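Report on one structure; see the data block that follows.
Below, chains carry the letters A, B, ... as their sequence lines are ordered, and counting in each starts from 1. None of the values given here were measured: they were computed from a predicted structure.
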Number of protein chains: 2
Amino acid sequence: MPAAKTLPGTEGDADTAAPAFSPLYQQIKGLLMRSLTLGEWKAGEALPAETELAQRFKVSQGTVRKALDALTADGLLVRRQGKGTFVATHSEAQVQYRFLRLMPDHGPREAMQRRFLDFRRLRAPADIARALALKAGDGVLQLRRLLLAGDTPVVLDDIWLNARLFKGLTAGRLQAYRGPMYGLFEAEFGVQMIRAEEKIRAVAAGEAEAALLGAAAGSPLLLVERRSFTYADRPVELRRGLYRTEAHYYRNELS
Amino acid sequence: MPAAKTLPGTEGDADTAAPAFSPLYQQIKGLLMRSLTLGEWKAGEALPAETELAQRFKVSQGTVRKALDALTADGLLVRRQGKGTFVATHSEAQVQYRFLRLMPDHGPREAMQRRFLDFRRLRAPADIARALALKAGDGVLQLRRLLLAGDTPVVLDDIWLNARLFKGLTAGRLQAYRGPMYGLFEAEFGVQMIRAEEKIRAVAAGEAEAALLGAAAGSPLLLVERRSFTYADRPVELRRGLYRTEAHYYRNELS
DNA sequence: AAGTGGTCTAGACCACCTG
DNA sequence: AGGTGGTCTAGACCACTTA
């Protein structure tokens, strides 16, 4: 009966050339996404039960379920039978460190130690600004840190953050926080990293980087440039990591 | 009514500690997978319609659908509204070169030229044998090739294949084939690459490799070691690729 | 017009978790 | 016992493709 059913508040999506047809569950998905964006449910919190959402949106439970399943497949939600549906989080995630692909050659993934080297606020250079969709000169936070496996440095990260979203972030706060950095961003600033793009290259270590990593100048390093996005595909973090890969590798799965 | 319904021929999966409970659509998925493994439907071919499969397995169409959707999510099938459900293929894929993550810094992905440098049959060294789940000394095919963007070499691949699965493969056959190598494997040998694991490192170019790639000895290269699997998670190919990343990068998405 | 996959519904029941 | 998500069914209808 609800053939061409359309939810109120979803018709004005005249983005680019009418999509011709949008199934109900897609519209529900959009509404749920909007609620997530607006912070109605925060990282780690539970959503209302399926039946409740079905009432709220005036559709059948099956349709809500399909929307929730889609968001789960996108990595935005986590479903736990018997308990509920939860907003995905980088803390206490089933797999800690969702975005870290570095693996040791031997043995299981070890927890690496962090050491913060630098933290400052500055005006974004052109390339950083472009990557973060800012205007050149907008404020960014820049930080540099080392990840160590045992006593040997493995990763040197330079990180740039949109300063407007992380007001009040300090070196001390970073130092003190236990758990993934993205967990802190969720908990303290309400900024959730949803997805990221990485560009990977091989480069020769410069003098300064080599010294910090305890490697020879000119030795080959993996350069991993990551751009991370929150809701609505808004870029909020740029990261340039230099990885030593003598005893570790970057893992990837293709399918 | 079919509460504890179990399909015939699926109960004997006493792999490791009974999984306690297996939903019907999982069992259907398993049966479909077996048919794929046995070659009942080959790469690019259409499966029977949902209604037909439902009859065949004596379950509802919705259950078959769920199994098909799962296999689609795994990348084994491709569904096309109005046309049918097809076995995924590396040829004529919606995205050509499913497994190639190399992108040029500027402009769209260009088709790269292939140049075969070497082709031989040999007994597997210990490390190759282990990676391909063979006994040391079993036959493997080894081949070396270059990928070029325009006139400049970008990738040097060393590839090892389980020789038993590729009887009759020759250098000439490789040279002549248009389209992705994995397409040839499907069409000529019935071997489908389903998924792959990659380990990525940065290394310094050796003399020989540097010469072939037109790079300086000692310059940093991306080392991409790939193990590809067919059905039943059987490893059939090992590949060591050296990538020049001055004008290209390895792309990855995290979520 | 006929066939395919895609959507939506409604209801029954199962498995898992928590009090 | 009562909540949650997960499975399975049956049927109606829609959208896309081909002939």
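Rounded to an integer number of Å, the gap from Lys66(B) NZ to dG6(D) P is 8 Å. The distance between atom CD of Glu52(A) and atom C1' of dG5(D), rounded to the nearest whole Å, is 14 Å. Computed from coordinates, the Phe21(A) CZ to dG5(C) C1' distance equals 12 Å when rounded to whole Å. Protein atom CG of Leu24(A) is 12 Å distant from nucleotide atom C1' of dC14(D), rounded to whole Å. Rounded to a whole Å, the CD atom of Gln55(B) is 11 Å from the P atom of dT4(C). One can place OH of Tyr25(A) at 21 Å from P of dC13(D), the figure rounded to the nearest angstrom. The distance from atom CD of Gln61(B) to atom C1' of dG11(D) is 10 Å, rounded to the nearest whole Å. Rounded to an integer number of Å, the gap from Glu50(B) CD to dA15(D) C1' is 14 Å.
Listed nucleotides dG5(C), dG5(D), dT7(D) differ in distance to Ala49(B); the shortest reach to its side chain belongs to dG5(C). Nearest to the side-chain atoms of Pro23(B) among the listed nucleotides dT7(C), dC8(D), dT9(C) stands dC8(D).
Scanning residues 35-48 of chain B for heavy-atom distances under 4.0 Å to DNA chain D yields an empty list.
Judged purely by distance below 3.5 Å, without hydrogens or angles, the side chains of Tyr25(A) and Asp69(A) never pair a donor atom with an acceptor atom.
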side-chain hydrogen bond (donor to acceptor under 3.5 Å, both in side chains) for Tyr182(B) and Glu237(B)? Distances and angles first, verdict last. CA-CA 10 Å; Tyr182(B) 289 170; Glu237(B) 183 204 52; 2.4 Å; yes
Please evaluate residues Lys167(A) and Glu188(A) with respect to the criterion salt bridge (Lys or Arg N to Asp or Glu O under 4.0 Å), reporting the C-alpha separation (whole Å), side-chain torsions for both, the decisive distance (0.1 Å), and the verdict. CA-CA 10 Å; Lys167(A) 284 190 164 76; Glu188(A) 305 277 321; over 6 Å; no
Under the criterion salt bridge (Lys or Arg N to Asp or Glu O under 4.0 Å), I'd like the reasoning laid out for Lys199(A) against Glu225(A): C-alpha separation, chi angles, the key distance, then a yes or no. CA-CA 5 Å; Lys199(A) 297 182 178 183; Glu225(A) 186 169 308; 5.5 Å; no
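Under the 6.0 Å cut-off for aromatic ring centres, Tyr97(B) and His90(B) do not qualify, their centroids lying 6.0 Å or more apart.
Partners of Ala163(B) according to the side-chain contact (heavy atoms from CB on, under 4.5 Å) rule, which considers only residues two or more places apart in sequence or in another chain, are Arg121(B), Leu141(B).
Judged by the 6.0 Å distance and 45° axis criteria, Arg80(A) is positioned over the aromatic ring of Phe86(A).
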Under 3.5 Å, N/O pairs linking protein and nucleotides 17-19 of chain C:
| unit_1 | atom_1 | unit_2 | atom_2 | d |
| --- | --- | --- | --- | --- |
| dT18(C) | OP1 | Lys83(A) | NZ | 3.3 |

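In this structure, Ala196(B) and Arg226(B) approach most closely via the heavy-atom pair CB-CG, 3.8 Å.
Checking the phosphate oxygens (OP1, OP2) of dT7(D), no side-chain nitrogen or oxygen of Thr63(B) falls inside 4.0 Å.
The base of dG5(C) has none of its N or O atoms less than 3.5 Å from a complementary donor or acceptor on the side chain of Arg65(B). Counting atom types as modelled, Arg79(B) pairs no side-chain N or O with a base atom of dG6(C) as donor and acceptor under 3.5 Å.
Among the protein residues, Thr85(B) comes within range of the sugar-phosphate backbone only, with heavy atoms under 4.0 Å from sugar or phosphate atoms but none that close to a base.
A side-chain donor-acceptor contact under 3.5 Å links Glu45(B) to the backbone of Lys42(B).
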